[in-house]
2 protein chains.
Amino acid sequence: MIPTIKDVAAHAGFSIATVSRAINAPHTVNPITLDKVRQSIDALNFRPSPLGRQLRGERTRLIGLILPTLANPVFAECLQGIDELASAQGYRLMLMTTQYDAHRERHAIETLREQRVEGLILTVTDADTHPLLDELDRAGLLYVLMHNDTVRRPSVSVDNRLAAYDGVRSLIAHGHRRILMLAGTLAASDRARQRHLGYAQAMQQAGLTPAPALEVDFNAEELAPSVLAHLTSGQSRPTALFCSNDLLAMVVMRGLRRARLRIPQDMSILGFDGLAMGELLSPPLASICAPNREIGCAAWRRLLARVTGDDDASASTSLALTLPHSLREGATIAAISNRTDSTSPRASAATEQPLA
Amino acid sequence: MIPTIKDVAAHAGFSIATVSRAINAPHTVNPITLDKVRQSIDALNFRPSPLGRQLRGERTRLIGLILPTLANPVFAECLQGIDELASAQGYRLMLMTTQYDAHRERHAIETLREQRVEGLILTVTDADTHPLLDELDRAGLLYVLMHNDTVRRPSVSVDNRLAAYDGVRSLIAHGHRRILMLAGTLAASDRARQRHLGYAQAMQQAGLTPAPALEVDFNAEELAPSVLAHLTSGQSRPTALFCSNDLLAMVVMRGLRRARLRIPQDMSILGFDGLAMGELLSPPLASICAPNREIGCAAWRRLLARVTGDDDASASTSLALTLPHSLREGATIAAISNRTDSTSPRASAATEQPLA
DNA sequence: GTGAAAGCGCTAACAA
DNA sequence: TTGTTAGCGCTTTCAC
């Protein structure tokens, strides 16, 4: 079926050792022999099996990738960056997704470990409390976290707390006082926690009262009545929503529209992630941007440094690598005049200026 | 470093054969022995290396995946479906992206072949003229195409021609006469060709004149002036655009907005792909929907049937598996009154009714 | 410059 | 029930 080095040797009339050398150290074999061997290789369409090599203890050049889902483009964007570098450097990627499920996380790690991946790039729900990561440490399997916000483990991410702080400060600077944070049903993630911390800090610093994050069902067609009530109730109606990620922001925007609220006149929206897609929305989504692709690249570089042992430089570096975030203005944030801080959507709309 | 079966055997005080049996056929070994072996396995945190197994000619349970890009969620959606089934059935996925580059396609195939994948799921630019696929056939490497529209090779896709035909017919039914098709810079793909065929057919059947597809640069911030000229020139201004995919439709929508055209009052838009994201737009994007996730699943099932040899049933089946498409109405298509088929955006807007 | 042979981790036939 | 052994595809001494 699939030709082996043996077949090539027989075909060329040499020993397998010579064929091996012809492949791995061409200069050590007689040019004429080399030519014959190469002809046989072509004739049989032979490709050396990495299994044989790997078995000999060579490097597998295999890196494992564990992501929660690809339904959220955040991870697809990271993956693009990783894939770019990996294939350029001759590594292969083995991908598994977990759908945020702990069992699948465990299964993924076991599977990849069995495959003898040289390292792992992953995003988990909560990096600080994750027992599997301790196991990885114990097993000596190298890994780098992406997006997870922890100082205890090797990770690449933005400063989620600070980024959220900056974003919410910007909302406040636009005159918003009643700002609510919305989170997906997976509010338990380390980044969601950090983002809420940043939100709370910005609020308090402005003398405002932070509220707990409001959980929103990602998959529902409409916003739940209970949620909608929070967003529209007369007196304390929020004027701005800080969504813990862009996908959530998009779902919320749709929900608000269906409830006949205008964006940003009736409600300002700020997302988090900086999805490329967000710019295509109408109005373009304001978002706290993480350099997702760059996060993927950086994670790759860190992992590879560890894998190849070029880690001397980064040994002095702290575990957590923090990449700069940025604010994308978009057009989903309206400025609010604080004097006429009316609670009626209609009334307030008149005093608001959509932001270019 | 990584413990081998030998280490376990030594630790447990048995032969490697017994350890192997303890792992692969526990019932054939003495319970007491089994217990000891298992303790050693746990103690050493041993995982059998698939390399050894695979080398013995066992199945690798490895499937290769070659996608153009993950920047287009179409592929991410397929991948979700594939990944779901693959991990449920104990297969591993090796992913490579090509960015529509022929060299990378070749490289991906070679790499995966070397890895001894049992089969390949891929999307190529043009399946009919692709020399690499002939090579796969010759090499006997099993594969299934996704999205590629060809009857010559095993593939899973929608009927792109018919789907486009249906979509354009719907535009015509809404009163549109001047309908233009836009395509990405990769207009050479088999599916783009089929879609244009469907477009042309629907136009001709309605007594209208189809135009060649207009190429649009995907990555530009604004629509190119030449393109914009096509879309706004007075007399022959199109009233509807059929975009060869949803991502393109989104880019075009943004471009139109920047050019101060309203959607759908000034211009109707129909996309192709049925991206989940499209429903979150405002207005929700009308699209010809392919069941992307289902396409991934179906491709997986077909490939696995071939890989495992359960192909008897599908031997009678034709090579190309066509899944049903559907039309998502969205709200980017306006009805046009044909009597007052005015060419001025402003004037025509008055006679148009946005479609719920 | 080339070949013979050992060994990587594992399974399976065969022996005990 | 357990052990011995050959061999999967390959690289790498070590001879020749």
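Heavy-atom basis, side chains included; hydrogens, waters and symmetry copies ignored. Because the structure is a prediction, the values reported are computed rather than measured. Note on naming: letters A, B, ... go to the chains in the order of the sequence lines (proteins, then strands), and numbering restarts at 1 for each one.
Rounded to whole Å, the distance from CD1 on B:Ile2 to C1' on C:dC8 is 13 Å. Between the CZ atom of A:Phe46 and the P atom of D:dG9 there is a distance of 10 Å, given to the nearest Å. One atom, CG of B:Leu44, and another, C1' of C:dG9, lie 15 Å apart when rounded to the nearest Å. A straight line from CD of B:Gln54 to P of C:dC10 spans 12 Å, rounded to a whole angstrom.
Residues from residues 6-15 of chain A that place a heavy atom under 4.0 Å from any atom of DNA chain C, listed by number: A:Phe14, A:Ser15. Contacts of residues 26-40 of chain A with DNA chain D (heavy atom under 4.0 Å): none.
In this structure, A:Asp101 has no salt bridge (charged side-chain N to carboxylate O under 4.0 Å, His left out) partners at least two apart in sequence or on a different chain. Scanning for side-chain hydrogen bond (donor to acceptor under 3.5 Å, both in side chains) contacts around A:Arg21 gives an empty result, with sequence neighbours left out. Applying the salt bridge (charged side-chain N to carboxylate O under 4.0 Å, His left out) criterion to A:Asp126, with sequence neighbours excluded, gives A:Arg193. Here A:Ser40 pairs with A:His11 under the side-chain hydrogen bond (donor to acceptor under 3.5 Å, both in side chains) rule; sequence neighbours left out. In this view, B:Arg59 and B:Tyr91, B:Glu118 satisfy the side-chain hydrogen bond (donor to acceptor under 3.5 Å, both in side chains) rule, not counting sequence neighbours. For B:Ser87, the side-chain hydrogen bond (donor to acceptor under 3.5 Å, both in side chains) partners are A:Arg104, not counting sequence neighbours.
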Are B:His147 and B:Cys78 close enough, and set up right, to give a side chain to side chain contact (heavy atoms under 4.5 Å, CB included), and what steps lead you there? CA-CA 10 Å; B:His147 287 296; B:Cys78 291; 3.1 Å; yes
| query | B:Arg113 and A:Asn45: side chain to side chain contact (heavy atoms under 4.5 Å, CB included), yes or no, with the steps? | reply | CA-CA 11 Å; B:Arg113 217 163 86 76; A:Asn45 203 357; 3.5 Å; yes
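Residues B:Arg153 and B:Leu319 form no side-chain contact, since every pair of their non-hydrogen atoms from C-beta on lies 4.5 Å or further apart.
Rounded to 10 degrees, the angle separating the terminal helix axes of the helix from C:dG1-D:dC16 to C:dA16-D:dT1, each built from five base pairs, is 50°.
Checking each of B:Leu303, B:Ile66, B:Leu79 against B:Ile121 for a side-chain contact (heavy atoms from CB on, under 4.5 Å) leaves exactly one that passes, namely B:Leu303. Among the candidates A:Asn292, A:Leu122, A:Ile82, the single residue satisfying the side-chain contact (heavy atoms from CB on, under 4.5 Å) test with A:Met146 is A:Ile82.
Residue pairs satisfying the salt bridge (Lys or Arg N to Asp or Glu O under 4.0 Å) criterion with at least one member in residues 41-51 of chain B, sequence neighbours excluded, are listed as follows: A:Glu110-B:Arg47.
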With B for base contact, S for sugar-phosphate-only contact and - for none (protein heavy atoms under 4.0 Å), nucleotides 11-16 of chain D reads BB----
Exercise answer: donor-acceptor pairs, residues 25-36 of chain B side-chain atoms, under 3.5 Å, sequence neighbours excluded:
from    : atom 1 : to      : atom 2 : distance (Å)
B:Thr28 : OG1    : B:Ala25 : O      : 2.7
B:Asn30 : OD1    : B:Ile32 : N      : 2.8
B:Asp35 : OD2    : B:Gln39 : NE2    : 3.3

